[in-house]
Amino acid sequence: MTHKPTLAMTNNDDTICAISTPAGIGGIAVARISGPDAVRIADTVWHGKTLSDAISHTAHLGNIVDPQNNETLDQAVATIFRAPRSFTGDDVVEFSVHGSIWIQTELINLLIRQGCRPAEPGEFTMRAFASGKMDLAEAEAVADVIASTSRASHRVAMSQMRGHFSSQLGHLRDQLLELASLLELELDFSEEDVEFADRRQLLDLSQTTLQTVERLAESFSTGDAIRRGIPVAIIGEPNVGKSTILNALLGDNRAIVSDIPGTTRDTIEDTTDINGMTFRFIDTAGLRQTTDQIENLGIERAWEKTTQAKIILWVITPQSTPSYLRSFHKELTSKCTTGTTILPVLNKSDLLATQPQKQTTPLPDQDLATIPPLPISALNNQGIDNLKNELHHIATASIPHAADTPDAVIVTNARHYSSLLSAATSLRLVIDGLTTNLPGDLVAQDVRETLHHLSTITGTITTPDILATIFSRFCIGK
C-alpha cells in the first residue's frame with residue numbers, strides 16, 4: 001500500500017465553516033463545519049438531540065437557533081462525522097438547511113459568532129490532504145470531478161480520485177527505489193567480490209519504467225481534450241454554412257448567420273455534450289483571398305485553430321468545384337497536426353434534389369480524405385444527428401479508454417504532464433549511464449531526480465507555493 005503524505009499546516013487547529021453547495025437559491029443548502037471544535041460549536045446553535053452525544057455517521061432532525069435571542073433560523077438536518085472517519089480527518093458537522101440565500105448567510109454568520117473561521121477556497125480538501133486522507137493527485141481530482149461536464153470527463157476524474165493514477169505512480173516509485181538501493185549497495189560493496197544485480201537487470205528495470213512514464217505522458221493530449229472538450233474546428237470557404245452548422249450542433253443561435261460573405265471574422269467557441277462526451281466547437285472565418293485586413297486576421301486565426309483541433313469539419317457544398325477541393329485539401333493537410341481527423345461535410349445537400357445540374361463530385365480524388373463526405377442540410381436540420389454520431393465515433397475510436405474503461409489512467413493535469421516529462425528525461429539519463437557504465441553514484445543521482453519529479457505529483461514532495469496554486473482552483477466550501 002502506498003503511503004499517503006502528510007503536511008504540517010498553519011492554523012490547522014482552527015474550526016472552519018462554509019457553504020459547500022453551489023452558490024444561489026436551491027431546495028437545500030449544506031453548511032460544513034470542520035475542526036476540533038466542530039461538534040461543540042454546532043451544539044451551541046442546535047436544538048434537538050445533543051450532537052456531542054451522537055455517534056459518527058448519523059443524521060438528526062432539529063432546529064438551528066440563535067442563542068442570543070432564541071430565534072429559530074430554520075429547521076434542519078445535522079449530520080455528524082467523527083474524526084478520523086471524515087472527509088477532512090477532523091470532526092465534521094454538516095447542517096442541511098433550506099436553500100434561501102438569507103438562511104445561508106445568517107447561518108454562516110451565526111457559526112462565525114460562535115467561534116468558527118470562514119474557510120478559504122479549497123481548505124476542506126487541503127485538510128484532507130494534510131491528514132493523509134488522500135494524496136495530492138487525488139485531491140486535485142476532486143476539483144476535476146466537480147468541474148466535469150460529461151460522462152467521459154467524470155469517469156477520468158473519478159478514476160484519478162479513487163487512486164488509480166496514484167497507484168501506478170506508487171508502483172513506479174517502488175521500482176525506482178529498488179533501482180536506487182541496488183546502485184547504492186553496488187557502491188557500498190564496490191571493493192568486495194559481491195554482485196547484487198548486473199547492469200543488464202538494472203537497465204531492463206529502467207527501460208520498463210520509462211515506457212510506463214512515457215505512456216502516461218502521451219495520454220495527456222487525450223486527457224486534456226476530454227477535460228476541456230474535444231476541439232472541433234469548422235472550416236471552409238465563405239457561405240458554405242459553417243455558422244449554421246455550429247448553431248445546429250449546439251441547438252442554439254450562437255453565431256450570426258448571413259448570406260454576406262465574411263460575416264464571421266473571428267473564431268466563436270462553445271461546448272456541448274454528445275453521447276457523454278464534451279465537444280468544443282470552433283466556428284471560423286471563411287477561408288478565401290481578400291484585401292480586407294480585419295477579415296484576414298480572422299482567416300489567420302482560422303488556420304491557427306486547425307493546428308489545435310483533434311477533428312476538423314471541412315464544410316463543402318454541391319457548388320464546390322473540383323479545383324477548389326484539390327487546392328484546399330492540399331493546404332489543409334499541410335497545416336494539420338499528426339492525429340487530426342478531417343471529416344468532410346457536404347452541407348446544403350438538399351440542393352442536389354432541386355438542382356441536379358449543379359451536382360458535383362464532392363471529392364474528386366480518392367486520396368482527398370479517408371472518410372466519405374457526410375451529407376447534411378444544417379438549415380433544415382437534416383443529417384445533424386448523423387453528424388453528431390460520426391463525431392462521437394471518431395472521438396471514441398481515438399480515445400477508447402474514456403468510453404469503455406472506467407478505471408483507465410489518463411493524465412488530464414498539465415502539472416502532472418510536466419512532471420512526467422521531467423521524470424522521463426531523468427530516466428533517459430539513467431539508461432544512458434547504465435549503458436555507458438557510468439559510476440553508480442552518478443546514475444543514482446539521476447534515479448533520485450526521477451523520484452523527485454514523480455513525488456511532486458502525489459505530494460510526497462511539495463512546497464507551499466505548489467499547494468497554494470493547486471487549491472486555489474477550488475471554490476469555497478470544497
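Side chains are part of it too, since the values below use all heavy atoms of this structure and drop only hydrogens, waters and symmetry mates.
In this pair, His416 and Phe165 present their aromatic rings tilted. The plane angle is within the 30 to 60° band.
Not a single donor-acceptor pair under 3.5 Å links the side chain of Thr88 to the backbone N or O of Phe124. The backbone N or O of Val411 lies less than 3.5 Å from a partner atom in the side chain of Ser219, making a donor-acceptor pair. Looking at Asp66, its side chain does come within 3.5 Å of a backbone N or O of Gln68 through a donor-acceptor pair. Judged by distance alone, the side chain of Asp135 and the main-chain N or O of Gly459 form no donor-acceptor pair under 3.5 Å. Side-chain N or O atoms of Arg40 include none that pairs as donor or acceptor with a backbone N or O of Ser52 at under 3.5 Å. A distance-only check finds no donor-acceptor pair linking the side chain of His60 to the backbone of Lys49 [under 3.5 Å]. Side chain of Ser455 to backbone of Leu451: a donor-acceptor contact under 3.5 angstrom is found. A donor-acceptor pair is defined here as one N or O able to donate and one able to accept, closer than 3.5 Å; such a pair exists between the side chain of Asn69 and the backbone of Glu71. Checking side-chain atoms of Gln160 against main-chain N and O of Ala137 turns up a donor-acceptor pair under 3.5 Å. The closest donor-acceptor contact from the side chain of Ser377 to the backbone of Ser349 lies at 3.5 Å or more, if one exists at all.
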Got a list of side-chain donor-acceptor pairs under 3.5 Å for residues 99-107, not counting sequence neighbours?
from, atom 1, to, atom 2, distance (Å)
Ser100, OG, Trp102, N, 3.2
Ser100, OG, Ile103, N, 3.2
Gln104, NE2, Gly24, O, 3.2
Gln104, NE2, Gly99, O, 2.9
Thr105, OG1, Ile101, O, 2.9

Give the C-alpha distance, both sets of side-chain angles, the deciding distance and a yes or no for side chain to side chain contact (heavy atoms under 4.5 Å, CB included) between Leu249 and Ile384. CA-CA 7 Å; Leu249 288 167; Ile384 297 302; 4.2 Å; yes

Just do the side chain to side chain contact (heavy atoms under 4.5 Å, CB included) check on Leu172 and Leu216 with the steps written out, would you? CA-CA 12 Å; Leu172 290 174; Leu216 289 171; 4.3 Å; yes

Tell me, with the steps shown, if Met134 and Val142 meet side chain to side chain contact (heavy atoms under 4.5 Å, CB included). CA-CA 10 Å; Met134 59 179 66; Val142 172; 4.1 Å; yes

Using side chain to side chain contact (heavy atoms under 4.5 Å, CB included), reason through Leu250 and Phe281 one step at a time and then give a plain yes or no. CA-CA 9 Å; Leu250 297 176; Phe281 292 105; 4.3 Å; yes

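Between the side chains of His164 and Gln168, not a single donor N or O lies within less than 3.5 Å of an accepting N or O.
Pro67 approaches Leu110 most closely through the heavy-atom pair CD-CD1, 3.8 Å. Contact record, Ile112 with Cys17: CG1-SG, 4.2 Å, taken as the closest heavy-atom pair. Nearest heavy-atom pair across Leu61 and Ala76 is CD1-O, 3.4 Å. Closest of all the heavy-atom pairs between Gly163 and Glu138 is CA-OE2, 3.2 Å. Shortest non-hydrogen contact noted between Leu391 and Leu343 is CD2-CD2, 4.2 Å. What you find for Pro373 and Leu346 is that their closest heavy atoms are CB-CB, 4.3 Å.
Remark: of the listed residues Ile19, Val97, Thr21, Thr21 is the sole one forming a side chain to side chain contact (heavy atoms under 4.5 Å, CB included) with Val30.
For the pair Thr341 and Lys310, the minimum side-chain heavy-atom distance is 4.5 Å or more. Here the side chains of Phe95 and Val77 are not in contact, with every heavy-atom distance at 4.5 Å or above. Considering only heavy atoms from C-beta on, Ser153 stays 4.5 Å or farther from Asp144 through its side chain. Looking at His47 and Asn70, their side chains come closer than 4.5 Å, going by heavy atoms from C-beta outward. Residues Lys242 and Val240 form a side-chain contact, since some pair of their non-hydrogen atoms from C-beta on lies under 4.5 Å apart. Side-chain atoms of Met158 and Val145, non-hydrogen and from C-beta on, do get closer than 4.5 Å to each other. Taking 4.5 Å as the limit, some side-chain heavy atom of Pro318 sits within range of a side-chain heavy atom of Lys348. Side-chain contact check for Arg415 versus Glu140: some heavy-atom pair is nearer than 4.5 Å.
If you take CD1 on Ile226 and OG1 on Thr412, they are separated by 8.5 Å, rounding to the nearest 0.5 Å. Taken to the nearest 0.5 Å, the OG1 atom of Thr79 stands 9.5 Å off from the CG atom of Leu51. To the nearest 0.5 Å, atoms CG (Leu169) and NE2 (His453) are separated by 14.0 Å. To the nearest 0.5 Å, atom CD of residue Gln75 and atom CD1 of residue Ile64 are 10.5 Å apart. Between Asn347 atom CG and Ile245 atom CD1 the span is 4.0 Å, to the nearest 0.5 Å. Atoms CG and CD1, from Leu111 and Ile33 in turn, are 4.5 Å apart once rounded to the nearest 0.5 Å.
Counted within 6.0 Å of CD1 on Ile25, heavy atoms from surrounding residues, nucleotides or ligands total 12 or fewer; the atom is thus considered open. When the shell of 6.0 Å around CG of Asp273 is examined, it contains more than 12 heavy atoms from other residues, nucleotides or ligands.
Screening residues 209-224 for salt bridge (Lys or Arg N to Asp or Glu O under 4.0 Å) gives Glu214-Arg428, Asp224-Arg227, Asp224-Arg228 as the qualifying pairs, with residues at least two apart or on separate chains.
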